[in-house]
There are 2 protein chains.
Amino acid sequence: MSVHRDAQSFANDCGACPIRHRAVCARCETDELVKLEQIKYYRSYQAGQTVIWSGDRMDFVASVVTGIATLTQTMEDGRRQMVGLLLPSDFVGRPGRSTAAYDVTATTDLVMCCFRKKPFEDLMTGTPHIAQRLLEMTLDELDAAREWMLLLGRKTAREKIASLLAIIARRDASLKEPRAKANAITFDLPLTREEMADYLGLTLETVSRQMSALKRDGVIVLDGKRHVTIPSIDMLMEQTGDDNDGGFLV
Amino acid sequence: MSVHRDAQSFANDCGACPIRHRAVCARCETDELVKLEQIKYYRSYQAGQTVIWSGDRMDFVASVVTGIATLTQTMEDGRRQMVGLLLPSDFVGRPGRSTAAYDVTATTDLVMCCFRKKPFEDLMTGTPHIAQRLLEMTLDELDAAREWMLLLGRKTAREKIASLLAIIARRDASLKEPRAKANAITFDLPLTREEMADYLGLTLETVSRQMSALKRDGVIVLDGKRHVTIPSIDMLMEQTGDDNDGGFLV
DNA sequence: TTCCTTGATTGATCTGCATCAAGGCAGACC
DNA sequence: GGTCTGCCTTGATGCAGATCAATCAAGGAA
């Protein structure tokens with residue numbers, strides 16, 4: 001864990017706001033956390049509500065506390081592509097830019113922890129670790145985006161679905177208690193078929209068909225429309241097209 | 001231009017190494033530039049040579065001085081997706097990670113300006129502006145990646161080709177002298193048809209067919225295989241599917 | 001010159017996913 | 001109960017782009 005205090009324990013002893021352990025580190029604790037504390041505020045959104053429209057003025061940066069939000073781009077004729085999925089602790093917004101580049105939408109009820117941009121930028125200038133932490137997070141997102149480019153450009157519909165399920169399963173598993181690598185995983189899909197389609201560059205019909213196919217082939221078990229059980233993670237990973245070096249739970 | 005000295009003039013009076021004006025700013029000049037100067041070194045590669053393989057140890061970060069390099073991901077069965085195009089002044093590598101995540105390949109003869117990772121990281125810790133500048137660059141790349149996700153997921157073959165041509169034309173134009181918005185633009189394609197296909201998530205045959213179609217329709221003029229003239233930028237932009245708010249030369 | 005090689009073009013055919021269309025199911029509300 | 005309404009499933013059909021394959025053009029090298 002290097003010189004930083006363990007992020008998990010740090011998160012535990014400082015309350016709910018995830019920006020504390022994602023955007024800053026324990027080294028900054030004494031002064032900067034206090035300042036962050038002073039400029040932060042919370043916002044809530046209902047499922048389906050739009051947080052911000054592409055092109056709108058955006059005078060804050062924020063971090064997801066609970067719930068799920070999506071970033072989407074839309075073409076004039078209505079074609080849509082989701083370009084990001086924001087889960088708790090993910091960061092939105094960009095220091096140094098004043099308008100939003102994407103539509104941000106709450107897909108579930110959502111609570112975000114916001115910071116007005118100007119004070120946040122000022123704080124960043126005086127606090128090297130915040131910029132470094134943000135850089136680290138942004139590089140992670142860039143890697144994820146590039147992984148997604150491979151999926152969009154080269155994977156088949158079945159591989160796309162399997163990859164999405166694997167990603168959700170992994171992120172979901174890492175939010176719960178760490179535990180021995182379980183053989184079966186169960187979770188609720190946070191997205192409708194249409195949202196899955198927008199994420200994967202498919203139509204909702206194709207998503208539905210491939211879900212049915214994976215179910216028929218025993219790769220997943222569907223209980224209702226949303227509740228998914230994955231009996232064997234290995235079997236799922238075989239369907240993703242990725243070279244899985246066994247690193248499911250990293 | 002805020003308090004920073006104009007990046008262009010700064011680049012001009014400090015020689016060829018682009019990291020100077022891309023990764024740091026004039027405020028750091030006195031001390032940090034000197035230190036950067038001390039730890040930097042150059043590397044050259046021939047066209048076609050691989051700079052680094054995905055998974056290899058990577059103990060440096062670098063910036064392209066001249067030439068063009070690509071980042072690609074490859075699946076086990078050989079499907080390839082390009083996930084980045086590095087033009088002069090672009091940055092590769094990631095502080096805080098020791099292995100490469102993608103194959104980096106020189107598509108033309110290439111010169112890179114390298115910094116061993118450890119000293120660079122140390123320098124970054126003591127120099128807030130470097131981290132901030134890198135953050136800015138990374139956010140730009142993230143935006144570009146997300147734009148590319150829209151292309152890969154939702155655009156037709158013809159729109160993909162037109163978009164790629166528009167991007168190359170724009171980047172090429174911005175490297176040359178600033179000038180009045182010219183009506184016609186001429187440049188050499190830095191990529192083979194196969195590389196274009198890997199970038200666009202198509203096959204090389206489809207790339208070739210769509211290039212011929214654009215030529216037949218008078219959107220582009222081909223002189224040989226590589227030399228492209230775009231008689232009307234507006235006509236090209238109409239083919240990209242983007243809502244072009246006239247912002248071709250930003 | 002002729003032979004190779006490398007990259008590009010063009011044609012014929014195939015197929016995976018989109019599109020169009022018709023239900024089905026479960027919860028909300030009367 | 002009935003009937004919306006939102007979300008999902010399933011079927012029939014069409015087409016954009018993949019695949020397979022032949023040909024071409026431009027350089028080298030012998």
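The model shown is predicted, which means the values in this text are computed figures rather than measured ones. Reminder, nothing fancy here: chain letters follow the sequence lines and each chain counts from 1.
- Of the side-chain N and O atoms in Thr206(B), one or more sit less than 4.0 angstrom from OP1 or OP2 of dA18(D).
- Rounding to whole angstrom units, CE of residue Met211(A) and P of dT9(D) are separated by 7 Å.
- Distances shorter than 4.0 Å separate none of the side-chain N or O atoms of Arg226(A) from OP1 or OP2 on dC7(D).
- Between the Arg154(A) side chain and the Arg79(B) main chain, no donor and acceptor come within less than 3.5 Å of each other.
- Across the protein-nucleic acid pair, Arg80(B) atom CZ and dA18(D) atom C1' stand 18 Å apart, rounded to whole Å.
- With a 4.5 Å cut-off on side-chain heavy atoms, Leu142(A) and Thr138(A) do not count as touching.
- A donor-acceptor pair under 3.5 Å is formed between the side chain of Gln81(B) and the backbone N or O of Asp198(B).
- Going from atom CD of Glu205(B) over to atom C1' of dT15(C) covers 15 Å, rounded to whole Å.
- Checked for salt-bridge contact, Arg80(A) and Asp103(A) miss the test: no charged N lies under 4.0 Å from a carboxylate O.
- Residue Ser212(B) places its side chain closer to dT10(C) than to any other of dT10(C), dA8(C), dT9(D).
- Residue Lys225(A) contributes atom NZ, which lies 6 Å from atom P of dT9(D) at whole-angstrom precision.
- Within the 4.5 Å cutoff, side-chain heavy atoms of Phe60(A) are placed close to those of Met58(A).
- Rounded to whole angstrom, the span from the CZ atom of Arg79(B) across to the C1' atom of dG17(D) amounts to 16 Å.
- Taken residue by residue, residues 188-204 of chain A places heavy atoms nearer than 4.0 Å to DNA chain C at Gly201(A), Leu202(A), Thr203(A).
- Side-chain to base pairing of Arg209(A) with dG11(D): one donor and one acceptor N or O lie within less than 3.5 Å of each other.
- To the nearest angstrom, P of dC17(C) lies 10 Å from CD1 of Ile161(A).
- In this model, no donor atom of one side chain and acceptor atom of the other lie less than 3.5 Å apart for Ser163(A) and Thr240(A).
- Proximity of a side-chain donor or acceptor of Lys215(B) to a complementary backbone N or O of Leu222(B) within less than 3.5 Å is not detected.
- Picking from dG17(D), dC8(D), dT19(C) the nucleotide with the shortest atom distance to the side chain of Gln210(B) gives dG17(D).
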